[in-house]
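Below you'll find the structure, written out as structure tokens, and then a few comments.
Sequence lines set the chain letters: A, B, ... in the order given, protein chains first and strands last, and positions in each chain run from 1.
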Protein chains: 2
Amino acid sequence: MAPGTKRGGNSAAPSGVDVARLAGVSQKTVSRVFNDEPYVSADVRRRVLDAAEQLGYRRNNAARALASGRTRSIGVVTLGTALYGPASLLMGVERAVRDMGYALRVVNTMEGDPAGVAGAVGSLLDQGVDGIVISEPIEEEGAAGETPLRVDVPVLVLGAPSPVTAPLVLTAGGGAGPMARAATEHLLELGHMTVHHLAGPQRWYAARDRLEGWRSALIAHGRTVPEVIEGDWSAASGYAAGRELARDTEVTAVFAANDDMAIGLVRALTEAGRRVPQDVGVVGFDDIPVAAYVTPPLTTVRQPFDTVAQEGLKRLVHAIENPDATQLPAADPPVDLIVRASSGPLVKGGRATEQ
Amino acid sequence: MAPGTKRGGNSAAPSGVDVARLAGVSQKTVSRVFNDEPYVSADVRRRVLDAAEQLGYRRNNAARALASGRTRSIGVVTLGTALYGPASLLMGVERAVRDMGYALRVVNTMEGDPAGVAGAVGSLLDQGVDGIVISEPIEEEGAAGETPLRVDVPVLVLGAPSPVTAPLVLTAGGGAGPMARAATEHLLELGHMTVHHLAGPQRWYAARDRLEGWRSALIAHGRTVPEVIEGDWSAASGYAAGRELARDTEVTAVFAANDDMAIGLVRALTEAGRRVPQDVGVVGFDDIPVAAYVTPPLTTVRQPFDTVAQEGLKRLVHAIENPDATQLPAADPPVDLIVRASSGPLVKGGRATEQ
DNA sequence: CTGAAAGCGCTAACAA
DNA sequence: TTGTTAGCGCTTTCAG
């Protein structure tokens, strides 16, 4: 066989041996140079680097992984949606993974996917990853895998309790409860007797979380807890809910579980002749890019996606690299309520202040 | 060394040899079973599968990649943004990659990243991928890599001309020009003498593409081509542009390069007392989820992200698996103009019809 | 239909 | 400071 005509791989891809030969050293020395190991003379290092450059050498990751048992990559399981929240989180995770020096592999779970999260995790395990991030898993129906699924790498779950059992499970995010509570209290402080809630689909932990935050605020302030309306995150569902709520003149304030629904809601309210914020105060959640520019500008809550991802990944990588002492759970991210016009004080004579 | 106490890898991960031993066959037979190769008796296959199940066997991908020279994975380079367009495309790519039986690796290029696309591609090459998807690359400044970067796998570029040189470069998407043209013509047909354009950042190919579509429509209809205002995709930049445009009463129609800017624009126009659509018609681009629910509901253009991703990936995978006959470029995706209230016919006595 | 042998390109342990 | 020797767990080739 002529050199470079090896069996597998790109016919021309040079190997560490090729570089070693050209540099006049052993293959192990090439390995040392590329791993920044100590005990390599400056001279040798130079020669190796030159030879590598000349040949266009690139370490073979598969071989590295095989020999070392580490892939230096992290897998993430996400819902396959372009919704602002999940998409932002994914971007944050990518950045954090890269910053930690790992590669990222992505697998989506579509809603209604029979294999569900377990299937996605399995596929990641097949690919070989050193750790797994499960981003905002939702509750699954009968999707329980027949086989329990042995996960033998650390897992970080973002914004939910863990849907899998693994030797080490970390969690991060999911601090939306207090934020939802703050949003609700904001409306209460504006003089509303109570606040209605337009919830997200309750199979989403994020949705339940916000609902609980809302409820706890009302209870803490001794207010009645109105019936919840459940949407599906879409502006369309917000619109439908708005038409319903508009019929009830008792409704003077609504906290929506995300901005899209809030926008649909505002539209329905407006069409029904109920002014926002004079007749009904509305608060959303997420601070999507257009929130400040819709009419009226939306009061909302901003989540620190990047911080959550970064902080979570730092702990995951720590767990991967030090399979011992567990780390401390991080402090809850800060509440960031952004007050805009949609939640101005009540104007129309005061049912809200009359009691 | 006790069995299971091998050097690399998870201490307990069973190998094909373990399965073979348990099943009473050779390791090669185990390999055959897991690769669905022919010539394995049903009986043997059963035994192997049972043994594998019992041991919790999982093929080691690194070893497969090393031995075969194929990683069965595709890398994608994206801008690290949660903007609706790019995020939707990424989701489409993930789905398409998975459907083709490949794994997905993701690397983001942040704007202003010194290494730029070349760096991201390099990192993918380091990781080892069989093909690369570059999604909506933007023009880079002095980021020209010192080393030309040898890409030796097929590349698919989505929505732009290729920023790298590779032996095989495919392209898909980028059919936004005709859509922008259709959007512009729609406004013309409504009676507007001309249409202003609120463009995206011109370093984005998508932005230039839309601008060209707009310009070509005006020229084809013999209209004057007003000066372009350039935004940065954000609603804030749309708002700023809107304040400027509101001062010019000649402006009766604006085509914005995305919905976020259109929403900011509408807000500024409205605040300045110019009614949409009666005084100024507005058309956006993307059909973001809230577009139908803002005030007024936005006329916009929907792009077939999934189709583009799917179609492109089919060709990329074909190229990977058949390093020969190139495939034909696909037909441009269909124009999908969604007419809503923001572009109703001119109402105020007609500068638009007076000429 | 099944198996034995070789080797992918690297890292890990041990010498020198 | 450098080199030698073994594998990592698979696929490939060639024999049965």
key: Contacts of Tyr102(A) that satisfy ring pair (Phe, Tyr, Trp, His ring centres under 6.0 Å) - sequence neighbours left out   = none
request  = Report the nucleotide, chosen from dC10(D), dA4(C), dT2(D), that has the shortest atom-to-atom distance to any side-chain atom of Ser26(B).
outcome  = dA4(C)
query = So, is Tyr39(A) near the phosphate of dA16(C), with a side-chain N or O under 4.0 Å from OP1 or OP2?
reply = no
task = Measure from the side chain of Arg59(B), starting at C-beta and using heavy atoms only, and say which of dT4(D), dC10(D), dC10(C) lies closest.
result = dC10(D)
message = Without decimals, in angstroms, what is the distance between Phe34(B) CZ and dT11(D) P?
response = 10 Å
Cationic N near anionic O, under 4.0 Å, Asp36(A) to Arg45(A) = yes
remark   = Between Asp306(A) and Gly92(A), the two heavy atoms sitting closest are OD1-CA, 3.6 Å
query = OP1 or OP2 of dT2(C) sitting under 4.0 Å from any side-chain N/O of Thr29(B)?
reply = no
query = Under 4.0 Å between a Lys/Arg side-chain N and an Asp/Glu carboxylate O for Arg58(A) and Asp126(B)?
reply = yes
Side chain of Ser15(A) (C-beta onward), nearest among dC10(C), dA12(C), dC1(C) = dC10(C)
message = In this structure, how many angstroms lie between the C1' atom of dG9(D) and the CG atom of Asp126(A), rounded?
response = 15 Å
message = Nearest heavy atom decides the nucleotide; on that basis, is Gln27(B) or Ala63(B) closer to the 5' end of DNA chain C?
response = Gln27(B)
task = Counting heavy atoms from C-beta on, name the nucleotide in dT11(C), dG3(C), dT2(D) closest to the side chain of Ala67(A).
result = dT11(C)
ask   = Rounding to a whole Å, what distance do you find between Asn61(A):CG and dC8(C):C1'?
value = 14 Å
key: Among dT11(C), dT11(D), dC10(C), the one nearest Asn35(A) by side-chain distance   = dT11(C)
remark   = Out of dC10(C), dG3(C), dT4(D), minimum distance to the side chain of Lys28(B) belongs to dG3(C)
ask   = Taking atom C1' of dG9(D) as reference, at what distance in whole Å does atom CZ of Arg21(B) sit?
value = 13 Å
task = Kindly say if Ser68(B) contacts the phosphate of dT11(D), meaning a side-chain N or O under 4.0 Å from OP1 or OP2.
result = no
query = Salt bridge check: are Arg21(B) and Asp18(B) linked by an N-O gap of less than 4.0 Å?
reply = yes
inquiry  = When you measure from the side-chain N and O atoms of Asn60(A) to the phosphate of dC8(C), is any distance below 4.0 Å, counting only OP1 and OP2?
reply    = no
query = In whole angstrom, what separates Arg70(B)'s CZ from dC10(D)'s P?
reply = 17 Å
key: Euclidean distance, atom CG of residue Asp36(B) to atom C1' of dT11(D) [Å, nearest integer]   = 15 Å
task = Kindly write out the residues that satisfy ring pair (Phe, Tyr, Trp, His ring centres under 6.0 Å) with Tyr205(A), not counting sequence neighbours, or none if the list is empty.
result = none
ask   = Between dT11(D) and Ser31(B), is there an OP1 or OP2 to side-chain N/O distance shorter than 4.0 Å?
value = yes
task = For Asp18(B) and dC10(D), give me the distance from atom CG to atom C1', rounded to whole Å.
result = 13 Å
ask   = Which nucleotide in the set dC8(D), dG3(D), dT2(C) lies at the smallest distance from any side-chain heavy atom of Arg32(B)?
value = dT2(C)
task = Calculate the interatomic distance between Arg47(B) atom CZ and dG3(C) atom P; express it in whole Å.
result = 8 Å
